[in-house]
Engineer: 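One structure coming up, written as structure tokens, with questions to follow.
What's counted below: heavy atoms across the whole structure, side chains too, no hydrogens, waters or symmetry copies. Note that the numbering runs from 1 along the sequence shown for the chain.
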Amino acid sequence: MDKKLISNYLPLPVGVSQFSLDFIEHNLVIKLDEEDALVVIGTVKENPDNRIDQILRQTFRSKEIRFQQIDQDDLTSYISRELSSDEGTSGSSETLSKLEIDQIANDAPIINLVNSLLIDGVNQNASDIHFECFSNEACVRFRVDGVLRTYSRFSRERFKAVSSRLKIMANLNIMESRRPQDGRITVQLRGLSLDIRISVVPIAKGESIVLRLLNTGLQRVKSFQDLGFSPDKIAALKKLSVYPHGLILVTGPTGSGKTTTLNALLHNIQSDTRKIITIEDPIEFVIDGIDQIQTNEEIELTFSTLLRRVLRQDPDVIMVGEIRDSETAELAIRASLTGHLVLSTLHTNDASSAITRLLNMGIAPYLLSSVIRGVLAQRLVRRLCPFCKKKYHPGLDELNMLNLKDSLKQVFYSTGSCEKCNGTGYSGRIAVLEYFLNNKSLEEKIAAGESTTDITDYINKKLLHSFRDSSLELLTEGLTTIDEIKRVILFNADF
């Protein structure tokens, strides 16, 4: 492809007809010409990468796209001239009318910017994208492997158009910036069907917009081995899965992988001889052969109301996405008593606290003692990049923390830096687990109404496979670092 000068295409599209300077500078493309059926795109690269090609084809769906290679120095000169002229495309966001905001939010440069950020978030396996507007600028941050990273910054003036574009996509009120708003967006990107939850909250100098990215189309339910569970934990989970009835709980904070573990357990339970029904918010994994129900509070389809209905569907196994209140807890217990195996999640810091939480919700001790089968608590830590991790002998502080003594024999691993992990030293996440299975003694203690302190002490001393044990396994196998264990476990639970 022969290179051409940008000046050959003057006058170029300008203002809202041109890509944003952020988009041009970041992706090294520029719109040279646009007609009814054709758009000419200048590109520094001879062959634009797939991401840019996809963004442009989504933007100009009804038009033919023709690429023309241009010189990078020529493009840099153009960007410099535009920056020095200080001509924004969005004007003063505080004085724009609804019509003007709507026009800007639907113009190609803003659409390109938003599409680009969504695609980049998917490419980097981000779970959330944060758009935040401050006094002097706006920034975009991606949460990757549980950690926020600043991805890009752009002018405060452009934030209003970006905010409005996201609100339009989610059918929210683009003129409302004083009250919180929630919505959802369904988009197709890179062949993936994304269900995006959007939360908009006013802050001191603008708005904070958070997108939760959920892949509803191609997520594959993972096996216990895929999740990196050790043989003893897999054996415990399989032992739980053979119970014909009872209550199994997975606990932990939001974003700790509870739903992923529950779905792996369901996958292990699934057979033609058992009817399985799930009640979820949202449905993250679509599993053939399982009846999955999405909650919808707007039409009063809550966990508790749906749980009452599904009991009439002759289920063998019921998965309740979360026990949020006393009513749902009582219904889950009753379902367990009437011959159903019930799986659910609970927000507690550790496994033993699940008993205390259910008792505090008003569940009768004699009922709880007869249905609880086991509790699994988990956190997610970043997994070390296998290509650049480094061995080392831990110091005394690290050994004391894990009740270890010999630093010469003990080997841990630390982060390196390579292209495969984008220089972070980590790639993906893995679960740190603790669990216990019910036994006759624990059942008797709960039924007798012993104090929650005594019950917790008994679990921790006699039954619990602890976070410490799980952490030590991951550290010695070179799967994570002591810094990750400190960040996720030590400061959030009784280690």
Engineer: Any side-chain heavy atom of Ser427 sitting closer than 4.5 Å to one from Arg383?
Structural biologist: no
Engineer: Find the distance between CG (Leu464) and CG (Asp469) and round it off to the nearest 0.5 Å.
Structural biologist: 8.0 Å
Engineer: Tell me whether Gln225 at atom CD has more than 12 heavy atoms from other residues, nucleotides or ligands lying less than 6.0 Å away.
Structural biologist: yes
Engineer: Would you find more than 12 non-hydrogen atoms of other residues, nucleotides or ligands less than 6.0 Å from Asn400 atom CG?
Structural biologist: yes
Engineer: Under the criterion side-chain contact (heavy atoms from CB on, under 4.5 Å), I'd like the reasoning laid out for Phe436 against Leu442: C-alpha separation, chi angles, the key distance, then a yes or no.
Structural biologist: CA-CA 11 Å; Phe436 71 87; Leu442 177 60; 3.7 Å; yes
Engineer: Quick one: CG on Leu404 to CG on Leu472, what's the gap to the nearest 0.5 Å?
Structural biologist: 5.5 Å
Engineer: Met169 vs Leu118, test: side-chain contact (heavy atoms from CB on, under 4.5 Å). Steps then yes/no.
Structural biologist: CA-CA 12 Å; Met169 293 172 71; Leu118 289 177; 4.2 Å; yes
Engineer: Can you tell me if Asp291 and Gln313 form a side-chain donor-acceptor pair at under 3.5 Å?
Structural biologist: no
Engineer: Do Glu132 and Arg141 come close enough that some side-chain heavy atom pair is under 4.5 Å?
Structural biologist: yes
Engineer: Between Arg184 and Asp195, is there a salt bridge with N-O shorter than 4.0 Å?
Structural biologist: yes
Engineer: Can you find a pair of side-chain heavy atoms, one from Lys445 and one from Tyr458, that are under 4.5 Å apart?
Structural biologist: yes
Engineer: Can you check side-chain contact (heavy atoms from CB on, under 4.5 Å) on Thr480 and Val432, steps first, answer last?
Structural biologist: CA-CA 10 Å; Thr480 193; Val432 187; 5.9 Å; no
Engineer: What is the distance from atom CG of Leu474 to atom CZ of Phe467, rounded to the nearest 0.5 Å?
Structural biologist: 11.5 Å
Engineer: Sequence neighbours excluded, which residues qualify as salt bridge (charged side-chain N to carboxylate O under 4.0 Å, His left out) partners of Arg51?
Structural biologist: Asp120
Engineer: Quick one: salt bridge (Lys or Arg N to Asp or Glu O under 4.0 Å) pairs with a partner in residues 303-321, sequence neighbours left out?
Structural biologist: Arg308-Glu327
Engineer: Kindly write out the residues that satisfy side chain to side chain donor-acceptor pair (under 3.5 Å) with Glu322, not counting sequence neighbours, or none if the list is empty.
Structural biologist: Arg324, His347
Engineer: Can you list the residues that meet the side-chain contact (heavy atoms from CB on, under 4.5 Å) rule with Ala126, with sequence neighbours excluded?
Structural biologist: Phe142, Val144
Engineer: Got a sec, which pairs hit side chain to side chain donor-acceptor pair (under 3.5 Å) with one end in residues 249-258, sequence neighbours left out?
Structural biologist: Thr251-Thr348
Engineer: Does the side chain of Thr302 come under 3.5 Å of the side chain of Ser304 through a donor N or O and an acceptor N or O?
Structural biologist: yes
Engineer: Does some side-chain heavy atom of Leu367 sit less than 4.5 Å from a side-chain heavy atom of Arg334?
Structural biologist: yes
Engineer: Test Ile196 against every option in Leu214, Leu166, Thr186, Ile185 by the side chain to side chain contact (heavy atoms under 4.5 Å, CB included) rule and name the one that passes.
Structural biologist: Ile185
Engineer: Look only at the side chain of Thr415 and the backbone of Gly425, and say whether a donor-acceptor pair between them is shorter than 3.5 Å.
Structural biologist: no
Engineer: Out of the candidates Ile333, Ile363, Leu249, only one should pair with Ile372 under the side chain to side chain contact (heavy atoms under 4.5 Å, CB included) rule; please name it.
Structural biologist: Leu249
Engineer: For Glu280, give me all partners under side chain to side chain donor-acceptor pair (under 3.5 Å), at least two apart in sequence or on another chain.
Structural biologist: Thr278, Gln292
Engineer: Does a side-chain heavy-atom distance below 4.5 Å link Asp182 with Val200?
Structural biologist: no
Engineer: Just how far is it from atom CD1 of Ile279 to atom CD1 of Ile318, taken to the nearest 0.5 Å?
Structural biologist: 7.0 Å
Engineer: Could you work out, with side-chain contact (heavy atoms from CB on, under 4.5 Å) as the rule, every residue matching Arg382, not counting sequence neighbours?
Structural biologist: Asp145, Val147, Tyr426, Arg429, Glu484, Arg487
Engineer: Show your reasoning for whether side-chain hydrogen bond (donor to acceptor under 3.5 Å, both in side chains) applies to Ser223 and Asp226.
Structural biologist: CA-CA 5 Å; Ser223 67; Asp226 291 336; 3.2 Å; yes
Engineer: Would you call Glu137 and Arg153 a salt bridge, using N to O less than 4.0 angstrom?
Structural biologist: yes
Engineer: Quick check: does any side chain N or O of Glu330 sit under 3.5 Å from a backbone N or O of Ala332, one acting as donor and the other as acceptor?
Structural biologist: no
Engineer: Side-chain polar contacts of residues 206-213 - donor-acceptor pairs under 3.5 angstrom, sequence neighbours left out - could you list them?
Structural biologist:
| residue | atom | partner | partner atom | Å |
| --- | --- | --- | --- | --- |
| Glu207 | OE1 | Ser163 | OG | 2.7 |
| Glu207 | OE2 | Lys167 | NZ | 2.8 |
| Arg212 | NE | Asp128 | OD1 | 3.4 |
| Arg212 | NE | Asp128 | OD2 | 2.6 |
| Arg212 | NH2 | Asp128 | OD2 | 3.3 |

Engineer: When rounded to the nearest 0.5 angstrom, what is the spacing between CG in Asn439 and CD1 in Ile459?
Structural biologist: 9.5 Å
Engineer: Under a 3.5 Å distance rule, please check whether Gln378 uses its side chain to pair with a backbone N or O of Glu434 as donor and acceptor.
Structural biologist: no
Engineer: So, Asp457 side chain and Asp454 main chain: donor-acceptor pair closer than 3.5 Å or not?
Structural biologist: no
Engineer: Could you list all the side chain to side chain donor-acceptor pair (under 3.5 Å) pairs where at least one residue sits in residues 365-377, not counting sequence neighbours?
Structural biologist: His245-Arg373
Engineer: Quick check with a 6.0 Å cut-off and a 45 degree axis cone: is Lys233 positioned over the face of Tyr435's six-membered ring?
Structural biologist: no
Engineer: Evaluate the criterion side-chain contact (heavy atoms from CB on, under 4.5 Å) for residue pair Asn360 and Thr356; output intermediate values, then yes/no.
Structural biologist: CA-CA 6 Å; Asn360 289 341; Thr356 303; 3.5 Å; yes
Engineer: Among all residues two or more places apart in sequence or in another chain, which pass the side-chain contact (heavy atoms from CB on, under 4.5 Å) test with Ser326?
Structural biologist: Met361
Engineer: Can Arg197 and Asp281 be counted as an ion pair, charged N to O under 4.0 angstrom?
Structural biologist: yes
Engineer: To the nearest 0.5 Å, what is the distance between CG on Leu237 and CG on Asn268?
Structural biologist: 8.0 Å
Engineer: Can you name the salt bridge (charged side-chain N to carboxylate O under 4.0 Å, His left out) partners of Lys389, sequence neighbours left out?
Structural biologist: none
Engineer: Any side-chain heavy atom of Arg274 within less than 4.5 Å of one from Pro315?
Structural biologist: no
Engineer: With Thr456, which of Ser353, Ser451, Ser352 fulfils side chain to side chain contact (heavy atoms under 4.5 Å, CB included)?
Structural biologist: Ser352
Engineer: Is it the case that the side chain of Ser241 and the backbone of Lys238 share a donor-acceptor pair, with hydrogens and angles ignored and the cut-off at 3.5 Å?
Structural biologist: yes
Engineer: Would you check, one step at a time, whether the test side-chain hydrogen bond (donor to acceptor under 3.5 Å, both in side chains) holds for Asn422 with Thr424?
Structural biologist: CA-CA 6 Å; Asn422 294 320; Thr424 64; over 6 Å; no
Engineer: Measure the shortest side-chain to side-chain distance between Thr59 and Ile55 over non-hydrogen atoms and say whether it is less than 4.5 angstrom.
Structural biologist: yes
Engineer: Can you name the residues that form a side chain to side chain donor-acceptor pair (under 3.5 Å) with Thr328, not counting sequence neighbours?
Structural biologist: Asp325
